[in-house]
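In what follows, chains carry the letters A, B, and so on, assigned in the order in which the sequence lines appear, proteins first and then strands, with residues in each chain numbered from 1.
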Amino acid sequence: MTPRYPLAATLYPYARVPAQDAAPVRHPVVIVGGGPVGMALALDLGRKGTPVLVLDDHEGVGQGSRAICFAQRTLDIAHRLGPGARMVGKGVVWNVGKVFHGEERVFEFDLQPEPGHRHPAFINLQQPYFERFLVEAIRDAREEGAPIEIRGANAVTGLTRHADHVALDIDTPDGPYAVEADYVVACDGARSPVRGMMGLGFDGRVFEDNFLIADVRMTADFPTERWFWFEPPFEGAGQSALLHKQPDDIWRIDFQLGWDIDRAAELDPARIRRRVDAMLSSRTGTVPDYDLDWTSIYTFQCRRMHAFRHGRVLFAGDSAHQVSPFGARGANSGVQDADNLGWKLDLVLKGQAPDALLDSYSSERVAAADENILASSRATDFLTPKSDASRLFRDAVLTLARDHPFARPLINSGRLSVPRVYDGGALNGPDALDGPAISCVGAPCPDAPLDAGFLLDRLGGGFVILTVDAEAPARVEEEGIVATRLALTTRDHDPTGALRARYLGGAASGVWLIRPDQHVAARWAHYDEAALRRALRIATGREAGP
Amino acid sequence: MTLTLSPNIPDPDGFYDELLAAHEGLTAEESAALNARLILLLANHIGDRDVLRAAFDAARRPSE
């Protein structure tokens with residue numbers, strides 16, 4: 001088998017397994033694709049005790065920075081799964097950004113982190129590190145008994161759907177074999193072979209464009225700032241250009257080239273160096289010493305599958321939806337897919353929830369994909385005006401923003417990935433608290449510093465009855481689903497007032513049912529046993545919502 | 001708040017003079033850019049999305 005891309009590191013070399021010489025073995029979950037989404041899902045399922053097999057057609061992580069920006073929600077999820085601290089420790093946090101329009105500096109901003117969160121709004125980290133830390137966390141979890149198996153150089157070549165399972169044909173360096181799965185999750189990327197095998201396509205093609213991406217190694221004294229150009233003044237730089245820092249003295253540069261390009265010519269190193277020279281010298285007049293570490297042309301589209309669930313096959317990450325890179329909504333939304341799917345698959349496979357719970361994976365994450373596609377399409381309209389009027393207003397915004405703060409929020413070079421609030425979601429119970437919108441039903445729980453540690457750590461990964469200045473039993477069990485209470489008071493546990501501000505607002509007390517992915521399933525002012533039991537049934541797909 | 005469509009500008013002739021004076025000596029392209037900046041400045045001053053939407057509607061549908 002010929003690898004489709006060069007590896008940055010071999011992490012799970014091919015090893016022959018006895019199953020290759022036996023009748024097909026049935027697995028509860030087979031994940032196809034060992035990227036950030038597949039590995040996050042495998043780690044989540046394995047930590048919950050559900051056996052999972054990951055099939056990757058490569059033996060490790062691919063080269064190049066690729067998805068370099070990991071947002072707060074992703075870091076919160078990674079922290080719950082284990083490798084969050086390693087990611088944040090390695091990542092670069094930047095605060096100062098500068099926006100240019102041609103030769104003009106439009107404005108400069110300093111993003112001060114919002115207090116009361118464990119994690120910054122985002123970090124810059126090369127994708128190979130993110131994947132490597134996930135794989136290391138899988139090894140750690142496995143040592144503690146998590147049933148996760150990764151098979152490298154195992155390429156899925158065929159898929160047959162049966163009423164009670166899915167059969168997969170697999171090619172290996174030792175030839176083909178077959179496995180069976182109760183459920184298959186396709187985390188196999190934008191060109192998803194699984195999607196192809198099932199003859200499934202996408203709805204719509206909103207937008208497409210090409211980016212030249214260069215990782216530049218530079219030890220010169222260069223500020224740790226994000227520089228973004230609209231209509232960069234350097235020759236052949238395209239519609240926009242971006243420069244920002246990653247770990248290991250690597251700088252990431254993106255040039256938006258447009259649609260109709262000669263890929264081979266654009267990848268000529270001499271041509272790339274001319275562009276990079278022009279960019280790096282544009283503000284200082286001199287070209288610092290640098291090496292080209294990795295270059296690539298990245299083509300993207302904005303589109304999604306009609307549904308992310310097709311019977312026993314589920315799609316997550318780029319295989320299901322693609323967005324423009326503005327706002328870092330690709331890998332981040334893929335990790336949210338994994339976060340949404342993990343607990344549902346776990347409960348269904350353990351017989352604690354009906355198969356219908358998996359339908360909510362598709363409906364909730366389709367809504368999230370639509371939100372991401374909308375945000376990235378709006379950024380694209382600002383970056384690449386499609387009409388004279390659109391260009392007129394874009395340029396007017398950039399001109400006014402030099403002098404007037406009011407125009408700066410209108411500048412859109414991508415809105416950073418934030419998690420979807422599952423408004424009106426199928427699993428939502430009543431929203432019966434006059435509380436803040438930030439923690440409404442469907443929202444991901446906002447973090448808050450407690451007397452010791454952070455709230456999200458205390459919520460863990462099961463159903464939780466969060467009470468603030470309210471009574472409730474320590475444990476409620478409804479048809480095998482257990483919800484345990486986390487009892488907090490504003491008097492004893494809220495040293496900064498963040499808990500009150502983010503959860504109670506003006507209310508005197510509150511009770512929240514929190515899902516295993518730390519989204520709010522229901523909220524009330526006081527505990528009501530019948531209401532809580534009903535909300536648990538709704539949140540696990542046993543009963544339709546209010 | 002609703003969009004004010006009754007006369008609201010004191011000294012209408014004086015205002016009109018000032019509006020034209022702002023465009024004096026500009027090419028068509030420069031005038032278009034000035035109008036775009038003007039719309040953004042005024043829209044921010046109004047700041048009420050319902051009023052702005054009503055203004056877009058009124059601007060798009062002048063009577064015959």
Side-chain angles (χ1 to χ4, degrees), chain A residues 99-109 228-233 239-240 326 370-371 374-375 377-415 418 421 423 436-438 440, chain B:
Chain A
V99 175
F100 305 97
H101 184 200
E103 300 280 0
E104 294 285 331
R105 188 162 98 187
V106 177
F107 78 112
E108 178 177 331
F109 56 86
F228 188 93
W229 283 263
F230 292 96
E231 299 181 322
Q239 294 281 340
S240 71
F326 315 121
D370 284 346
E371 183 172 286
L374 177 64
S377 302
R378 285 172 166 176
T380 301
D381 285 344
F382 195 86
L383 279 152
T384 319
K386 304 283 190 296
S387 67
D388 291 342
S390 174
R391 176 171 298 277
L392 202 59
F393 279 110
R394 197 280 302 271
D395 291 349
V397 166
L398 291 172
T399 303
L400 288 167
R402 287 183 224 154
D403 298 324
H404 305 299
F406 91 83
R408 292 171 194 164
L410 297 172
I411 295 177
N412 189 348
S413 62
R415 303 295 185 209
V418 288
V421 175
D423 282 328
I438 188 178
C440 69
Chain B
M1 224 166 58
T2 53
L3 179 66
T4 304
L5 291 168
S6 52
N8 191 38
I9 300 176
D11 180 18
D13 292 349
F15 157 75
Y16 202 75
D17 266 355
E18 284 176 4
L19 179 62
L20 294 190
H23 284 269
E24 211 164 273
L26 301 186
T27 64
E29 202 175 309
E30 288 164 343
S31 267
L34 182 139
N35 279 336
R37 292 196 294 274
L38 198 57
I39 289 167
L40 291 169
L41 284 158
L42 295 173
N44 181 68
H45 181 81
I46 292 163
D48 182 319
R49 293 282 304 280
D50 292 336
V51 171
L52 292 169
R53 212 173 292 116
F56 297 150
D57 287 347
R60 273 190 79 96
R61 283 193 237 100
S63 53
E64 299 300 305

Does atom CZ of R415(A) have more than 12 heavy-atom neighbours from other groups under 6.0 Å away?
yes

Chain A contacts: which residues in residues 49-61 of chain B have a non-hydrogen atom closer than 4.5 Å to it?
none

Smallest separation among heavy atoms of H404(A) and L41(B), with atom names:
CD2-CD2, 4.5 Å

Cut-off 4.5 Å, heavy atoms of chain A, and the answer for L38(B) is neither

With rounding to the nearest 0.5 angstrom, report the CG to CZ distance, L398(A) to R37(B).
12.0 Å

Taking heavy atoms only and a threshold strictly under 4.5 Å, list by residue number the residues of residues 2-34 of chain B that touch chain A; give 'none' if the list is empty.
A32(B), A33(B)

Between L40(B) and F406(A), the two heavy atoms sitting closest are O-CE1, 3.4 Å

So for atom CG, which belongs to D388(A), do other residues, nucleotides or ligands contribute more than 12 heavy atoms lying within a distance under 6.0 Å?
no

